[in-house]
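For reference, positions follow the sequence shown, starting with 1. What you see below is based on every heavy atom in this structure, not just the backbone, and it leaves out hydrogens, waters and symmetry mates.
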Amino acid sequence: MNQPSRRDLLRAGAVASAAVLCPSPASASAAPTDCPPPLGPVRVLPDDPRYADLVRRGNRRFVGTPDEVRVVGSTEQVVSAVQDAVRAGRRVAVRGGGHGFEGFVDDPAVRMVIDLSGLTAVYHDPRRYGFAVEAGATLGEAYRRLFLGWGVTIPGGSCPGVGVGGHVAGGGYGRLSRLHGLAADHLSAIEVVVVDRDGTARAVVATRDPTDPHRDLWWAHTGAGGGTFGVVTRYWFRSLPTPPARVVDFTVTWPWAGMDEAGFCRLAGNFGRWCARNSAPDSRGRHLYGELILFRPQAGGHTLAGQVPHDSRHLLDELVVALGDGVGVTPTVSAQTLPWLAATLHSDDDGKGWRLKVKSAFHRTPLTDRQLHVAYRHLTRADDSLLTGSLSLNTYGGAINAVPPTATAASHRDASMLLFYLAGWADPAADTAAVAWIREFYRDMYADTGGVPPHGAYINYPDVDLRTDTRAWPALYHGRNYPRLQQVKARWDPRDVFHHDLSVRPPGQ
């Protein structure tokens, strides 16, 4: 990771003093007297024309019915909203970018949604010598402002519309993570609205400083996910890396036409073997990010999509050769060199118009022969209810694996590949068939270990299917960090105000 010098920090502070507009009044630096007031608070009730949009901003399978949505623009407004919810005994949930794959926010039991749309500031904080990013900002907003203002970035996800709040709390993985670690690996401090045992809401700043008495709250937000301990309103980052000046955005497509089962298994197996060879922190291949999306035949072919620094273009050429070995069909290669920011802010469909069900798993080793044949069988299975069905194999490791599994709450620090299972459809009448397809696919992939990834393996995305076994979710997502997270929960949310189907449970539950 790139560690800025004292000179770099002072220069960044000078730029900030000249260029930053108006940081939130709750920030360490005083706000100028001519700053406009923050957005909100806005109370949106069911008869308000804005209500329909605010309760349906993610997976189309889930639509909320809260008594109100509170749109906020400052930490003080969040404190007030949480206090109102506690006082009235209302179940509360928080929405940032709205990219949740499960219905945690749009749960029928949630009576107040706190929408962070007004908390979007990104600035350099001279007192904390870090870059502050408010939790309602999207990744795209953060990338643009950090890069144009200071030439740095957060090594987070590839979808610009994802909200910073939940993404960083879950660890934050993206195209630069194999080079620079997870987004949470650069987190120096957080501001969180919590609720005391007596029911009083307040804002707390917790840092990674070993002497900070609140450090456990910072640690819990470096990979445990959101919605468990409080409402994050602001993150501070240090040691942010400089992205490459230019990158090669690439798409490589192997057509289904002419590809038999042996060729399919060879392609997916080759990718897993490449990942296993290139997952060490000092691997040559850590400069390349790629995801091999294995589609159903209706899509026409399988796609390798990703990004590599322009001066490492040779890694792409080597990868295409390695993946094509023994496949039997010739791929089509499309690549263009772009400035890093232009490539990063480009995004296709963000999935919000679809009904979705996803599953995931981290793998240390390539797929087994049995798993390769299972994947082929399920992807080629006739099922007209599915418009989109795929299995993505994503590169992992590199700098991520240089961090000890207990140093942050993100415990998956020895994987070489991340698998992402997706079913997407439009017709509500297809819900049962589509969800059944992906559940059966996942169950059969891990049939040797009871239908879930083996002991010691992890998953990355929330999956409410695992709530039926109270042991499965903590073991597969949090690993050995779970008991420590339960202690953080007991200290900072003793009334269990912040919870959902997969949140950290208090000790003994």
Query raised in the report: Quick check, are the ring centers of Phe498 and Phe229 under 6.0 angstrom apart?
Result: no
**Report entry** Side-chain donor/acceptor of His500 to backbone N/O of Gly226, under 3.5 Å
**Finding:** yes
Report task. Could you go through the side-chain contact (heavy atoms from CB on, under 4.5 Å) check for Arg491 and Val488 one step at a time? Result -> CA-CA 5 Å; Arg491 178 185 178 189; Val488 179; 5.9 Å; no
Query raised in the report: Between Ser177 and Pro155, is there a donor-acceptor pair closer than 3.5 Å when you use the side chain of the first and the backbone of the second?
Result: yes
Query raised in the report: How far does CG of Leu391 sit from OH of Tyr421, to the nearest 0.5 angstrom?
Result: 5.5 Å
Query raised in the report: Rounded to the nearest 0.5 Å, what separation is found between the CG atom of Leu217 and the CD1 atom of Ile190?
Result: 4.5 Å
Query raised in the report: Just checking, is any N or O donor in the side chain of Asp115 or Ser117 under 3.5 Å from an acceptor N or O on the other one?
Result: yes
Query - Contacts of type side-chain contact (heavy atoms from CB on, under 4.5 Å), residue Arg90, not counting sequence neighbours - result: Asp67, Glu68, Ala85, Ala88, Arg111, Met112
Query raised in the report: Does a donor on one side chain sit under 3.5 Å from an acceptor on the other, for Asp209 and Trp218?
Result: no
Query - Shortest non-hydrogen contact from Lys489 toward Asp496 - result: NZ-OD1, 2.9 Å
Query raised in the report: Quick one: do Arg413 and Asp185 make a salt bridge, cutoff under 4.0 Å?
Result: yes
**Report entry** Trp492 and Val194: CA distance, side-chain angles, deciding distance, side-chain contact (heavy atoms from CB on, under 4.5 Å) verdict
**Finding:** CA-CA 7 Å; Trp492 292 103; Val194 297; 4.1 Å; yes
**Report entry** Spacing of Leu367 atom CG and His373 atom NE2 [to the nearest 0.5 Å]
**Finding:** 11.5 Å
Requested in this report: For the pair Phe131 and Trp236, evaluate ring-ring contact (aromatic ring centres under 6.0 Å, His included) and give the outcome as yes or no after the intermediate values.
Outcome: CA-CA 5 Å; Phe131 295 96; Trp236 284 271; over 10 Å; no
**Report entry** From CA spacing to verdict: side-chain contact (heavy atoms from CB on, under 4.5 Å), Phe420, Asn460
**Finding:** CA-CA 9 Å; Phe420 180 72; Asn460 185 57; over 6 Å; no
**Report entry** Test item: Ser392 side-chain N/O and Glu291 main-chain N/O as donor-acceptor pair under 3.5 Å
**Finding:** no
**Report entry** For Asp448, all residues meeting salt bridge (Lys or Arg N to Asp or Glu O under 4.0 Å), sequence neighbours excluded
**Finding:** Arg370
Query raised in the report: Are any non-hydrogen side-chain atoms of Trp425 and Val435 less than 4.5 angstrom apart?
Result: yes
**Report entry** Pairs where residues 162-175 contributes a residue and the test salt bridge (Lys or Arg N to Asp or Glu O under 4.0 Å) is met, not counting sequence neighbours
**Finding:** none
Query raised in the report: After noting the C-alpha distance and the side-chain angles of Phe362 and Tyr396, does the key distance pass the ring-ring contact (aromatic ring centres under 6.0 Å, His included) rule?
Result: CA-CA 9 Å; Phe362 286 104; Tyr396 207 75; 4.8 Å; yes
Query - Test item: Arg61 side-chain N/O and Leu356 main-chain N/O as donor-acceptor pair under 3.5 Å - result: yes
Query raised in the report: Which heavy-atom pair separates Arg128 from Val205 by the least distance, and what is that distance?
Result: NH2-CG1, 3.5 Å
Query raised in the report: So which pairs with a foot in residues 275-284 pass salt bridge (Lys or Arg N to Asp or Glu O under 4.0 Å), sequence neighbours left out?
Result: Arg284-Glu318
Requested in this report: Without swapping roles, check the side chain of Asn278 against the backbone of Gly285 for a donor-acceptor pair under 3.5 Å.
Outcome: yes
Report summary line: Closest non-hydrogen atoms of Leu418 and Ser360, given as atom of the first, atom of the second and distance, are CD1-CB, 4.5 Å
Query raised in the report: Got a second to check how far Asn59's CG is from Arg56's CZ, nearest 0.5 Å?
Result: 10.0 Å
**Report entry** NZ or CZ of Arg467 within 45° of Trp473 ring axis and under 6.0 Å
**Finding:** no
Report summary line: Those residues at least two apart in sequence (or on a different chain) that pass salt bridge (Lys or Arg N to Asp or Glu O under 4.0 Å) with Arg364 are Asp414
Requested in this report: Please round to the nearest 0.5 Å and tell me the distance separating atom NE2 of His412 and atom CG of Leu182.
Outcome: 7.0 Å
Query raised in the report: Which residues pass the side-chain contact (heavy atoms from CB on, under 4.5 Å) test with Asp107, sequence neighbours left out?
Result: Arg91, Ala109, Val110
Query raised in the report: Tyr442 ring centre to Lys359 NZ or CZ under 6.0 Å, with the angle to the axis within 45°?
Result: yes
Report summary line: The reported gap from OG1 in Thr233 to CD in Gln77 (rounded to nearest 0.5 angstrom) is 11.5 Å
Report summary line: Tightest non-hydrogen contact, residues Phe271 and Met417, listed as CD2-SD, 4.0 Å
Report task. Please report the shortest heavy-atom distance between Ala201 and Val82, naming the atom on each side. Result -> CB-CG1, 3.9 Å
Requested in this report: May I ask you to test the Arg145-Tyr123 pair for a side-chain heavy-atom distance under 4.5 Å?
Outcome: no
Query raised in the report: Do Arg484 and Asn481 meet the criterion of a side-chain donor-acceptor pair at a distance under 3.5 Å?
Result: no
Report summary line: Scanning both residues in full, the closest heavy-atom pair of Ile154 with Ala142 reads CD1-CB, 4.4 Å
Query raised in the report: Do Arg234 and Thr75 get their side chains close enough for a donor-acceptor pair, meaning under 3.5 Å?
Result: yes
Report task. May I ask you to decide if Leu187's main-chain N or O and Arg208's side chain share a donor-acceptor pair within less than 3.5 Å? Result -> yes
Requested in this report: Kindly indicate, with the supporting measurements, whether the criterion side-chain contact (heavy atoms from CB on, under 4.5 Å) is fulfilled by Val79 and Arg202.
Outcome: CA-CA 6 Å; Val79 171; Arg202 63 191 178 99; 5.7 Å; no
Query raised in the report: Between Tyr461 and Phe101, what is the ring plane arrangement, given parallel below 30°, perpendicular above 60°, and tilted in between?
Result: perpendicular
**Report entry** Flag, side chain of His478 to backbone of Ala410, donor-acceptor distance under 3.5 Å
**Finding:** no
Query raised in the report: Would you say His363's side chain and Ser416's backbone share a donor-acceptor pair under 3.5 angstrom?
Result: no
Report task. Run the numbers on Lys357 and Asp463 for salt bridge (charged side-chain N to carboxylate O under 4.0 Å, His left out), then give the verdict. Result -> CA-CA 9 Å; Lys357 175 63 182 176; Asp463 184 357; 2.9 Å; yes
Query raised in the report: Would you call Asp444 and Arg377 a side-chain contact if the rule is heavy atoms closer than 4.5 Å?
Result: yes
